[in-house]
Enquirer: 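Below is the structure I would like to discuss, written out as structure tokens.
These numbers were taken from a predicted model, which means no experiment stands behind them. Proteins get letters first, then strands, A, B, ... in listed order; numbering begins at 1 in each. Below, each value reflects all heavy atoms present in this structure, side chains not excepted, and no hydrogens, waters or symmetry copies.
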Amino acid sequence: MISVKGLTKKFDDYKALENVNCTIPEGCIYGMVGSNGAGKSTFLRLISGVYKPDEGEILVDDEPIYENQAMKGQIAFVSDDIFFLNNATMNRMADMYARFYKSFDRERFNTLTETFKLNPKKSINTFSKGMKRQVAIILALSCKPKYLFLDETFDGLDPVMRGLVKSIICSDVEERKATAILTSHSLRELEDTCDQLALLHKGGLVFESDIENMKTSLFKVQTAFSEEYDESKFEGLERLHFSKSGSVCNMIVKGDRQVVADQIKTMNPIILDILPLSLEEVFTYEMAALGYTFDVELLGKEEQ
Amino acid sequence: MKKGLLSKGVFKEMFCQMKVVGVLACVVYALAGILFPVGLIVERYQYKSMGDVIEPQFFPTEYFYVIYGLAFVFVPLLIDVAFSFLEKRNASDYYHALPIKRVTLYVSSLAAVFAWMGVIYVVATGFTLAIVGIDSYMMLDMVVIGKLLLKSLVACVFIMGVCCLGTSLTGTKISTALVIVLILIGPRSIIGIIQAMIEDQIPFAVTGYGYSITNHGYNIIINVFFGNGYVTGLSYAAPLIYSTIVGIIYLSLGGFAFIKRKSESAGQSTVHPAIQVVCRIVPAFMCALIAIWLFIGNTLGGENDPMTYFGVVVLLIISLIIYFVYDLITNRKFKSFIKSVKQLPIFLGFVVAAAIVLMIYVTNEKEWRPEAEDIDGLEFYKVDYLYSFLGVEKIEVEDDEIYKIIEKAYSRQIGDDGEVLEEYYIYDEEYDTYYMKVNYAYHETLLVGIKENGFSRYRQIHLLKEEYEEIVKACAKVVEDEGDKIKLPRYDNMYTWIHSAHMVLTDAGRNRVYNCLKSELETVGWKDIIVTDESWIDYISIIIDSDTDKDRDIQIPVTDKIPKTKALLLELAYETANMKEDFSELQAKDYVEKWIENYNSLKRATQLDFYYLATNADVDKQAFVSMDNRLSESKTEEWFKIISKVVEEDKHSSDNKVILYMNMDIHDIDEFGEYAELDDYDEYGYDFISVTVAYMVSEETAKEFIDFMDDFKWSTEEEEEVYYEYIE
């Protein structure tokens, strides 16, 4: 388990993270989303022990991570800006990893290399951006880490490779009870992989929730009544959004779906539809409720 | 080593990463290690084919200076490979994410550097030693070689420390290079400028002497460039110990900075703003110090020359430019430039403070004059024969009478205003030094450390002859208490130079003579050696360089006080004299026989000047003889009879006991009195032959020879003086 309390990190006068608190349970795939400069990469570097926090604490399995050799041996971190030795091949990098990580599995490395159809004897410099990311992921996975941190996980990967990476991560988490933290600026990329999602915005953790819970506890209610009514009619419901057009109103409601439905039915509506929300819509409304504007980029609309 | 400081995996990885540089260094040194001795063998073969006599020689140890290249070239490259990740953000983050403690990463990387150094050393010396080992004409002095290798190893450690510290404090290549240079030369440069200023402004002052930390000889890197202990000779060990300690301190500071630095400082000029301030100030300050020097000289010296003040202003402006340029080179950000402007008062504050402190210091020192009652002790350095013979560099004297001599002598040099008394001195502009007017030929100069209140000032003191003699007596008394035997250091072919005044010695011969002399001197009191009425057949000069020991120049007369050395010298002289001449198939004695033959056939004596030495237990005689115009016809006949007898007797020398050792210059004179070519003497057409011969003859023949020669040696000292003037 990873526990973060009051985490703050500054670079000169710039506050990259401020008072971040979160708990990442074991065996989960934790997604972190945020716009550029939100602090995702900084967060990962802090929990990997690369950076030292200016304030707060980070505990991994109840131990501080900074300069903790034993704990770091259980973490594999793939940065957004990947590093390889000059003119190294995959095999050379594997040798290096094997020297630093006791759990490095050469067989797994070979298997994954074959799966991704990469040439381990060729210089990595000749690989494309996406291939380099694949190499980095392969090396990280071959370490069989208890904690896997991937920054800009799918950056440069084609849809097929994305699917492959997602499935490998999921199977790793399932088989070895590993914990993965994936960051991305795109919600769509993380939606079908992660168990939990968090939103970082300007150095702060503004929203964090279980995905299933998010999807089921927030829904759209479309209803109509024959008599005149306004929002006050629905006082008993936790509403994030209310709009009315004619006699039909649309609400975003948080709560138990069945309970809400039953409650509205007692009001004798002429129309009652309860619709699920997409993750983007969930985020949008949750953020709006918190007073933030949800960035269009986060919806992955640019990728569309 | 503490468990966990060294990681095998990290070591192996770093060793592997350095292999390009390591292998390149091995190739370079392998080539050097093979080519150098092979070149010597080829050269020797060439000489041999031309008829030269080849004798075993020590392998020139200059080769091992090549290994210094390891410290200046390959060690910095290895360090750069090991820690280049500190210059790029992604690399820095990567390494800091690895499951290794920072201290382990640092120590293991250094261990890999040391491992490569070891490999390179083995390659650099292995090939050479192997070739020399199987070659019967080259000898090795393993102790000297070991000392040279140790010195280069210390240089490597020093450079390693500087590079590690520089790399750990910075985050870009340019700033790393600049900081390394600053660390390497900054402290000594500042000390050097201040020393130069002090010696320039305070007459007769000497700085950086002896075992003072300001002696640049301590710094093994500065030592390489400026010579061994250029201010004064230091022992072999002193620079090594000092440089090793400083190197280790730098390595430790580098380790501390490495552990503490933030990963995110990769790509920035320095890891902390304070470091940037220091790096900006140091080079600018060096320039400002020169301005301060000029200012003090111009002001305290009373010159108040406007042009000099202008020069001061120019230098200060240059120092400001250096101050700002450092940031522009390393940071290239306008924001950083603004910061450096705001921090300018710190630099200016340093300059002003330094100027005030130095001005006060120079003023006080100039006005200072020793007073006997205030002196706590004196140190005299390299007092004549006491130093040469006994190697006693520093003699401490506590004697009120001597204090008075020093007080008086100094008051002749410096007036109350701290200026040199013109009436006593001539200032030599060319050599920038003072000479005493009074009794010019008799004054001596000593470096004296004058102790007052636990603090020593070093001054050059000019002494009259009688003053000097008093001081030598006082010093001799101190030295006598410590023993009266001359202890020579171990012989090494590189730094011990031994020369016989009259005899030719080979390398091997020099070694034997020195070792024999060394053991004999440990049984003979030094006064018996240097003050002797004994007739001497020769004298031996020994110069011991400061690299292995403090440099000394010793002249030892070869008398019966050192009988083994005397006998050995003659034996070796005899052997050497019978070796073949360079570039000729003829032995030296062949020339003499040819000269005799020439006379017998032409009845014309070609000219001859020679020095002879005849010696054994009972016959000790030496003289220089010039026979140019002194031989009458009858005397010529007699002369050739005697020399022929000597030549013949030598051929059957079993009972002969006296060595006649001669340096002969054989030449002819034409009708104009000029040197003329000697026919048939030498295929190269030389008109002047110089040979060294030694003949073993009976005592009777030796006496006959000497009696004859007595007619031709100079009868008066004036004649001898005239001769030496002539040859000069």
Enquirer: Relative to chain A, which of B/His96, B/Glu13, B/Lys262 shows the most heavy atom pairs under 4.5 Å?
Expert: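 Going by pairs under 4.5 Å, I would pick B/Glu13.
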
Enquirer: Applying side-chain contact (heavy atoms from CB on, under 4.5 Å), run through B/Cys16 and A/Met96 and close with a yes or a no.
Expert: CA-CA 9 Å; B/Cys16 190; A/Met96 184 176 177; over 6 Å; no

Enquirer: Non-hydrogen atoms of chain B under 4.5 Å away: do they reach the side chain of A/Phe84, the backbone, both or neither?
Expert: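 It is neither, since no heavy atom gets under 4.5 Å.
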
Enquirer: Could you tell me the separation between the CG atom of B/Asp93 and the CG atom of A/Leu44, rounded to the nearest 0.5 Å?
Expert: 11.0 Å

Enquirer: Side chain, backbone, both or neither: which part of A/Ile75 has a non-hydrogen atom closer than 4.5 Å to chain B?
Expert: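 Neither part; nothing is under 4.5 Å.
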
Enquirer: Could you label the plane-to-plane angle of the B/Tyr95 and A/Phe100 rings as parallel, tilted or perpendicular, counting under 30° as parallel and over 60° as perpendicular?
Expert: perpendicular

Enquirer: For a side-chain contact (heavy atoms from CB on, under 4.5 Å) check, start with the C-alpha distance between A/Arg45 and B/Ser263, then their side-chain angles and the critical distance, and finish with the verdict.
Expert: CA-CA 10 Å; A/Arg45 281 168 172 80; B/Ser263 180; over 6 Å; no

Enquirer: Considering all heavy atoms of both residues, which atom of A/Gln69 and which atom of B/Pro99 are nearest to each other, and what is their separation?
Expert: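 What the structure gives for the nearest pair is CG-O, 3.2 Å.
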
Enquirer: Test B/Tyr94 against A/Val50 for side-chain contact (heavy atoms from CB on, under 4.5 Å), laying out the working first.
Expert: CA-CA 8 Å; B/Tyr94 175 82; A/Val50 173; over 6 Å; no

Enquirer: Drop me the distance from B/Gln17's CD to A/Leu85's CG, to the nearest 0.5 angstrom.
Expert: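 Nearest 0.5 Å value for the CD-CG distance: 4.5 Å.
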
Enquirer: Any idea which of B/Val103, B/Thr104, B/Leu98, B/Asn90 has the most non-hydrogen atom pairs under 4.5 angstrom with chain A?
Expert: B/Asn90

Enquirer: Provide the closest heavy-atom pair for B/Lys101 versus A/Glu67 in the form atom of the first, atom of the second, distance.
Expert: NZ-O, 3.0 Å

Enquirer: Below 4.5 Å from any heavy atom of chain B, which atoms of A/Tyr97 appear? Answer side chain, backbone, both or neither.
Expert: side chain

